[in-house]
Amino acid sequence: MFIMANPVLTEIQKLRDEINHHNYLYYVLNQPSIADAEYDRLFKRLVELEKTYPQFSAPDSPTQRVGAPVENLGRTVLHDMPMLSLDNAFTEEEVLEFDQRVRKVIPGEAVEYVVEPKYDGVSASLIYENGLLIQGATRGDGVRGEDVTANLRTIQTIPLKLRSRGNSEEPFPPRVDIRGEVLMTRGVFKQINQAQAKNGLPLFANPRNAASGSLRQLDPAVTVKRRLHFFAWGVGKVEGSQFRTQMEILKQLKAWGFKTSPEITLSSSIQSAIQRQHEIGTKRREMDFEIDGVVLKVNQIAYHGELGETARHPRWGLAYKFKSAQMTTRIKKIEVQVGRTGILTPVAILEPVQIGGVTVSRATLHTEGEVFEKNIMEGDMVFIERAGDVIPEVVKAVVEKRTGSETPFQMPRNCPVCGSEVEKEGAYSYCINLSCPAQIQGKIVHLASRKGFEITGLGEKKAEQLFKNGLLKDLADVFYLKKENLVGLPGWEEKSAQNLIDEIEKAKKVSFIRFLYSLSIRGVGSSVSKLLSHHYDSLDSLEKATAEDLTAIHGIGPEIADNIVHFFREPRNKKTISLILMGGVEIRYEPVQKGGIWKGKKMVITGPFKSFSREELTGRIEREGGSAASSVSSKTDFVVAGENPGSKLARAKELGVKILTEEEFLEMERGENPY
Ligand code: IVH
């Protein structure tokens, strides 16, 4: 049958294509080909037609960028593939070491490096299904990000619909995750701060913070005024395509209509990559956007798999940062801080100074050795450097400005907090007293923190107060606190005391990851805890692990392995752990990843789901070693039930098969569920 095309729809589609094309020329290529008035005429005509014929409205129309305000932010989404970060290098030596590590894994092969500007913005992941933008999220903790789709849609350099199919006649990938950086120009940043000042509002410290604040608005009509930009730098998971090189990925991103930096080049040696960093560095001040270094990426994707990743960083890429802003100021005195693992850190207390829009009044000196090496004394004028979010550092003393009244620093022989002996271990000095108040308070705060047991109401101040009152003498005491002991202390009433007790009670069912994180084992943060929880199915088995067993885990080096073994051997730690468990703490273990979380599991899925399509869910199960069957039987291990489950759910209930909600499935995927 011959179907006549509707002439209105044809005109609408033609207008949309034309407008999208002009947007592309204007925003992405900076090469407009029509006058503003002509563009406005096309746009107006499209708005009119869509208003008169609402049956032809479409979410990917260029008129649909600014939607209605959202009720709340904070809905999180699971990234198809984690968004890792890059390891940093500040010196040529570090870059050469990186190259050597790469060559060790890929001996004899010609390694090429793509050199890209390292945009100083907010990273985002954009999901396109069959060419249409369906979701946009921030990086978040790398595993889950915040859904900011409505605000990302306002950015003109983010196509609502991918532009072309590149070189092939293939359709768009069924699902593709495009990654890049959301940025604000220096010019817009200045204007926005002027407006903030005029309205008596707080100023943004830098364009990155301003971009981040703009992405987290409830009303996209505000975000659109911030005129944000998006530069694409890579892809996450792509269904149905295979890229051979990073250069190919960048070419495809361009073809799909994204902006990529014109400064990107390919180097066939590490020396030329270093050279490029210097070149780009000389131009950075003239650029519209802030960049804080370059990113070096091994071009050949096949090598990425071979190089692998540490717990946090891929080994195929490196951020080679520019030397950052420096200022001079005076060190008033050098204090020694005691951390929760007993490390003593000299800290310079400074006459406050502004660096890159932030007031700095303390800077770390790291170790005693470093203070000597840099020849730094109390009273010295010094250069202070602040690189991005990194803790400010003292670079060097201005020796010419010395008056003779400066005093050399000496690491105390005794802990400044408890007076116990200080021991040196390599470059570091430690307070050897495991009952040192600074250590215990620090450990308690760490245990209660967001990545630990997440006990709201037990922050630094409260931990210090309860320690001083003798209620928290050890980590385990947290789980023995009683309401009656709290009530009556300054700042504690019936209600606040009950709240804390309730919080603690709630926190007692804890995942293995959080439990391990909370123990304050040196070098064991959230990523190492996660690795451990995926390789050991109980605390018992981890306690028995040797350093050799531990280093066999990809991402755990000999030093951390040693720390873990020593930690579990120490009788005091053993006692604390058993007291914690006797206090009612119940550890929820993760399914051990021997070949995948769902290894050997028979699953049945019954949707629809909020965070993924059925196909995607099947893929996720299969990738982790499970299988997805179509009907429930007594052999089924789990039924994953979505929003509108039908007869499969009833059947599962009848047979007593375990049912997982979408949330529970995601928790298990992250290794946080009790089953
Ligand atoms: S590639 C595995 N390329 O820097 C991560 N990142 O610490 C691969 N960034 O989170 C990242 N410009 O937000 C890459 N050209 C670029 C980048 C870039 C900025 C950010 C990104 C990432 C962070 C790395």
Side-chain angles (χ1 to χ4, degrees), residues 79-90 94-95 98 102 113-126 136-146 148 152 155 157-158 177-184 206-209 211-212 215 228-238 243 245-254 258-267 273 276-277 280-281 284 287-301 303-305 307-322 324 387-390 527 555:
H79 294 303
D80 284 3
M81 236 167 79
M83 289 184 86
L84 300 179
S85 56
L86 291 166
D87 206 359
N88 288 329
F90 292 92
E94 288 170 315
V95 177
F98 161 75
V102 168
Y113 292 105
V114 180
V115 185
E116 301 176 17
K118 184 171 185 301
Y119 314 101
D120 195 7
V122 184
S123 49
S125 137
L126 307 171
T138 59
R139 176 176 182 274
D141 63 5
V143 176
R144 285 188 152 265
E146 200 173 345
V148 285
L152 287 169
I155 301 178
T157 37
I158 294 183
D177 178 356
I178 284 158
R179 294 180 172 181
E181 214 73 4
V182 175
L183 300 166
M184 183 181 277
N206 48 46
R208 174 167 32 87
N209 287 4
S212 167
L215 265 193
L228 298 171
H229 292 249
F230 180 80
F231 276 81
W233 45 246
V235 290
K237 206 177 89 179
V238 187
F243 293 108
T245 61
Q246 168 68 7
M247 284 308 252
E248 237 175 54
I249 293 177
L250 291 164
K251 195 169 150 209
Q252 180 65 77
L253 289 171
K254 261 178 146 173
F258 291 95
K259 198 160 173 162
T260 55
S261 169
E263 294 293 343
I264 297 172
T265 50
L266 187 62
S267 288
R276 264 309 278 160
Q277 192 257 18
I280 294 180
R284 65 188 280 223
M287 292 183 182
D288 289 344
F289 300 98
E290 288 199 347
I291 61 172
D292 57 351
V294 299
V295 178
L296 309 186
K297 298 177 185 172
V298 170
N299 188 31
Q300 299 95 326
I301 307 287
Y303 296 157
H304 291 196
L307 286 158
E309 56 201 40
T310 67
R312 262 170 296 184
H313 313 297
R315 290 203 179 86
W316 48 259
L318 183 74
Y320 181 13
K321 298 279 200 80
F322 299 130
S324 44
D389 285 337
V390 185
S527 26

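Whatever order the structure lists them in is the order used to number ligands and atoms, beginning at 1.
Looking at D87, its side chain never comes within 3.5 Å of a backbone N or O of L318 through a donor-acceptor pair.
For the 3.5 Å distance criterion, the side chains of E116 and W233 fail to qualify, holding no donor opposite an acceptor. Using modelled atom types and a 3.5 Å distance limit, the side chains of T265 and R276 yield a donor-acceptor pair.
R312 CZ: 12 or fewer foreign heavy atoms inside a 6.0 Å radius.
Ion pairing of R208 with D120 is present here, as a side-chain N (NZ or NE/NH1/NH2) and a carboxylate O approach within less than 4.0 Å.
Between Y113 and F98, the two ring planes are tilted [angle within 30° to 60°].
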Below 3.5 Å only, please: the N or O atoms of ligand 1 paired with protein N or O atoms, distance on each line.
unit_1   : atom_1 : unit_2 : atom_2 : d
ligand 1 : 3 (N)  : K297   : NZ     : 3.0
ligand 1 : 4 (O)  : K118   : NZ     : 3.3
ligand 1 : 7 (O)  : L86    : N      : 2.8
ligand 1 : 12 (N) : Y119   : N      : 3.1
ligand 1 : 13 (O) : S123   : OG     : 3.2
ligand 1 : 13 (O) : E181   : OE1    : 2.8
ligand 1 : 13 (O) : E181   : OE2    : 3.1
ligand 1 : 15 (N) : E116   : OE1    : 2.8
ligand 1 : 15 (N) : P117   : O      : 3.2

